[in-house]
Amino acid sequence: MINELAKNTGRFFVFLLIQVLILKHLELGRFINPFLYVLFILMLPIRTGKALVLFIAFITGLTIDMFYNTWGMNAAACVFMAYCRPWVLRVYAPKGEYDASAKPTLQSLGTPWMLSYAGTLVFFHHLVLFFLEALTLSTFFTTFAKVILSGAATLGLIMLSQLIMQRRRQ
Amino acid sequence: MYGIIAFFRRNYFAVLFVALEFFSLYFVFRDNYYHQAGFFNSANSVAGSVYKTYSGITGYFNLKSENERLSEENTRLQNALSALPDTSKHVKVPKTNPYGDQYNFISAEIIDNSTNMISNYITLNVGKREGITEGMGIVSSAGVAGIVLSVSDHYSVAMSMLHKNFQLSAMLKKGGAFGTVVWKGEDYRYAWLMQIPMSEKVTPGDTIITSGYSTIFPKAITIGVVEEVTPLPTEYFYKIKMRLTTNFKKLRFVYVISDLTKKEKTDLEEATYKANNEGK
């Protein structure tokens with residue numbers, strides 16, 4: 001339990017620093033803005049209380065907002081994503097239930113599961129984030145293109161970091 | 001009463017979700033309409049020191065190009081200086097900088113900057129201790145860069161010119177027509193000059209400078225160069241695409257402009273306003 005807490009706290013800081021120091025300054029044009037930090041929320045243990053996940057997501061989003069000067073946008077997106085998480089977990093549950101030892105990772109539940117789980121939640125997160133950033137529907141297609149392209153980039157980075165973590169463990 | 005408690009116990013997840021979402025959206029909309037840059041931004045000591053440490057490391061990689069830029073700026077200023085007539089023999093010149101006693105330039109380093117959002121911000125390594133206050137203008141050696149929004153003891157956050165709410169009174173160097181510069185969240189190299197009447201003659205390549213109407217920027221600081229002129233026949237104005245002279249991706253060293261007469265100006269305006277209201 002304490003081990004789990006330490007691991008997740010460490011992950012929080014690692015993803016936070018990667019996000020605000022490296023990914024924020026990637027120069028891939030205005031359509032591709034990956035937000036890898038959401039993987040921290042995705043990787044919280046399956047059995048974490050859903051209200052706790054909501055609260056952790058809120059704090060994580062606010063911290064990112066502080067560095068991005070986006071006041072509340074990432075918090076809103078993360079809270080929405082955390083609200084959808086129990087539902088997404090249930091939809092993609094392998095036959096019956098998750099094992100007691102199952103973790104929301106590529107290593108534990110496999111590539112197809114991770115792709116659909118992360119893909120769905122990343123899409124919800126980016127949808128809220130980019131439409132709040134635009135705060136208008138007049139640029140609907142541009143904003144939606146950002147959601148899709150940035151979402152694909154985020155998902156790619158998530159799978160890549162999952163592979164790296166898996167390799168490190170072996 | 002028990003009914004309410006039972007409702008919250010049954011729906012605690014949804015209630016917490018709505019509450020947290022409400023808080024977040026409250027921040028989003030408050031910021032969008034009032035520009036209230038509070039404590040919770042990158043000017044605070046946590047975010048500021050993280051960015052400062054990191055830019056201290058990455059700064060070394062740009063030393064060469066930074067030196068070249070500085071030497072270019074020096075050459076340009078030396079040339080401008082030698083082109084000035086020598087007036088020291090005839091008149092007493094009390095000026096210490098080209099703008100006389102009105103403006104003071106404070107040098108600053110950018111420790112964080114973005115260009116790919118719709119609202120971009122610049123974090124600077126100077127704050128209250130260096131005399132920075134909200135509303136001061138920021139210029140690079142090439143042109144206008146932004147406006148300070150929020151200040152802490154050691155850091156400040158500025159609205160970049162690349163911000164959807166950025167507006168700046170500007171004029172065409174040739175002809176002197178006044179307009180407004182805005183950015184619409186597109187390419188970081190271009191902005192738009194609006195409200196230039198179609199009676200004016202505008203050609204690509206014309207320089208656009210600050211008008212000096214506000215207390216933020218002195219007059220005649222370069223903003224950009226006309227790239228493309230489109231007439232808007234229904235509105236009698238041109239829509240002018242301009243190339244910004246400041247390269248926001250390479251921005252690192254800037255000057256914060258403090259207008260020493262600003263207090264005098266605003267005090268006078270306030271006094272006039274008060275006197276007018278008392279008279280009524």
Side-chain angles (χ1 to χ4, degrees), chain A residues 13 16-17 20-33 49-59 61-87 128-136 138-139 142-143 146 150, chain B residues 12-33 35-44 46-48 50-51 53-55 57-58 112-123 149-150 157-160 162-165 184-188 249:
Chain A
F13 287 110
L16 176 72
L17 289 179
V20 302
L21 296 183
I22 300 168
L23 299 181
K24 184 170 186 254
H25 303 106
L26 269 192
E27 293 178 2
L28 300 171
R30 66 191 177 103
F31 282 95
I32 304 176
N33 262 324
K50 47 186 185 173
L52 183 62
V53 175
L54 216 50
F55 203 71
I56 292 172
F58 179 66
I59 300 292
L62 271 189
T63 314
I64 295 288
D65 280 330
M66 179 175 90
F67 282 92
Y68 268 74
N69 288 307
T70 43
W71 292 284
M73 288 178 202
N74 279 285
C78 285
V79 167
F80 182 66
M81 189 182 80
Y83 181 71
C84 299
R85 196 180 99 129
W87 171 73
V128 175
L129 183 64
F130 286 109
F131 276 95
L132 274 183
E133 192 202 9
L135 221 55
T136 160
S138 66
T139 51
T142 314
T143 312
K146 284 185 186 180
S150 298
Chain B
Y12 74 99
F13 186 51
V15 171
L16 186 64
F17 166 68
V18 171
L20 292 179
E21 213 46 278
F22 177 82
F23 268 122
S24 312
L25 293 177
Y26 170 76
F27 286 131
V28 174
F29 287 97
R30 188 198 64 173
D31 170 58
N32 208 58
Y33 291 110
H35 265 303
Q36 229 173 49
F39 164 78
F40 222 71
N41 60 38
S42 62
N44 79 46
V46 180
V50 169
Y51 280 148
T53 312
Y54 189 67
S55 85
I57 300 165
T58 54
D112 184 66
N113 183 23
S114 67
T115 54
N116 48 10
M117 315 278 281
I118 296 178
S119 306
N120 293 291
Y121 296 88
I122 297 170
T123 312
L149 279 184
S150 170
V157 172
M159 178 198 274
S160 163
L162 310 180
H163 189 292
K164 67 173 178 200
N165 294 336
K184 295 180 175 172
E186 292 153 343
D187 197 316
Y188 72 97
K249 285 223 167 158

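Keep in mind that the numbers below use all heavy atoms, side chains included, and drop hydrogens, waters and symmetry copies. Below, chain A is the first sequence line, B the second, and so on; all start at residue 1.
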### Query
What's the verdict on side-chain contact (heavy atoms from CB on, under 4.5 Å) for A:Ile32 and B:Asn116, showing C-alpha distance, side-chain angles and the deciding distance?
CA-CA 9 Å; A:Ile32 304 176; B:Asn116 48 10; over 6 Å; no
### Query
Should the heavy atoms of other residues, nucleotides or ligands under 6.0 Å from CZ of B:Phe13 be counted, would the total exceed 12?
yes
### Message
Can you confirm whether B:Tyr12 is buried at OH, in the sense that more than 12 heavy atoms of other residues, nucleotides or ligands lie under 6.0 Å from that atom?
### Response
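Yes, because the 6.0 Å sphere around OH of B:Tyr12 holds more than 12 heavy atoms from other groups.
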#### Entry: Pair A:Ile22-B:Tyr54, side-chain contact (heavy atoms from CB on, under 4.5 Å): steps then yes or no
CA-CA 10 Å; A:Ile22 300 168; B:Tyr54 189 67; 4.3 Å; yes
Separation between [atom1] of [X] and [atom2] of [Y], rounded to the nearest 0.5 Å:
X        : Y        : atom1 : atom2 : result
A:Leu26  : B:Ser114 : CG    : OG    : 13.0 Å
B:Phe29  : A:Leu132 : CZ    : CG    : 6.5 Å
B:Ser24  : A:Asp65  : OG    : CG    : 8.0 Å
A:Lys146 : B:Ile118 : NZ    : CD1   : 4.0 Å

### Task
Kindly give the heavy-atom pair with the smallest separation between B:Lys164 and A:Leu135, and that separation in Å.
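What the structure gives for the nearest pair is NZ-CB, 4.1 Å.
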### Message
Testing the basics here: between A:Gly72 and B:Val28, what is the closest heavy-atom pair and its distance to 0.1 Å?
### Response
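Scanning both residues, the minimum pair turns out to be C-CG2, 3.4 Å.
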### Message
Can you classify the ring geometry of B:Tyr51 versus A:His25 as parallel (below 30°), tilted (30 to 60°) or perpendicular (above 60°)?
### Response
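B:Tyr51 and A:His25: perpendicular rings.
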### Task
Answer yes if the ring centres of A:Tyr68 and B:Tyr121 are under 6.0 angstrom apart, and no otherwise.
no
### Query
Looking at A:Phe130, A:Tyr83, A:Phe31, which one has more heavy-atom pairs under 4.5 Å with chain B than the rest?
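Highest number of pairs under 4.5 Å: A:Tyr83.
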### Query
Most heavy-atom pairs under 4.5 angstrom with chain B, which of A:Leu17, A:Val20, A:Leu54?
A:Leu54
Taking side chain as everything from C-beta outward and backbone as N, CA, C, O, which of these in [X] sits under 4.5 Å from a heavy atom of chain A? Side chain, backbone, both or neither.
X        : value
B:Thr123 : side chain
B:Asn120 : neither
B:Tyr188 : neither

### Message
Among residues at least two apart in sequence or on other chains, which ones pass side chain to side chain contact (heavy atoms under 4.5 Å, CB included) with A:Ala57?
### Response
A:Ile41, A:Cys78, A:Ala82
### Query
So what's closer than 4.5 Å to chain B heavy atoms on A:Phe58: side chain, backbone, both or neither?
side chain
### Query
Side chain, backbone, both or neither: which part of A:Phe80 has a non-hydrogen atom closer than 4.5 Å to chain B?
both
### Message
As a quick check of understanding, evaluate side-chain contact (heavy atoms from CB on, under 4.5 Å) for B:Phe23 and A:Val79, giving each step before the final call.
### Response
CA-CA 10 Å; B:Phe23 268 122; A:Val79 167; over 6 Å; no
### Task
Decide side-chain contact (heavy atoms from CB on, under 4.5 Å) for A:Asn69 and B:Met117; before the verdict, give the C-alpha distance in whole Å, the side-chain angles of both, and the deciding distance to 0.1 Å.
CA-CA 11 Å; A:Asn69 288 307; B:Met117 315 278 281; over 6 Å; no
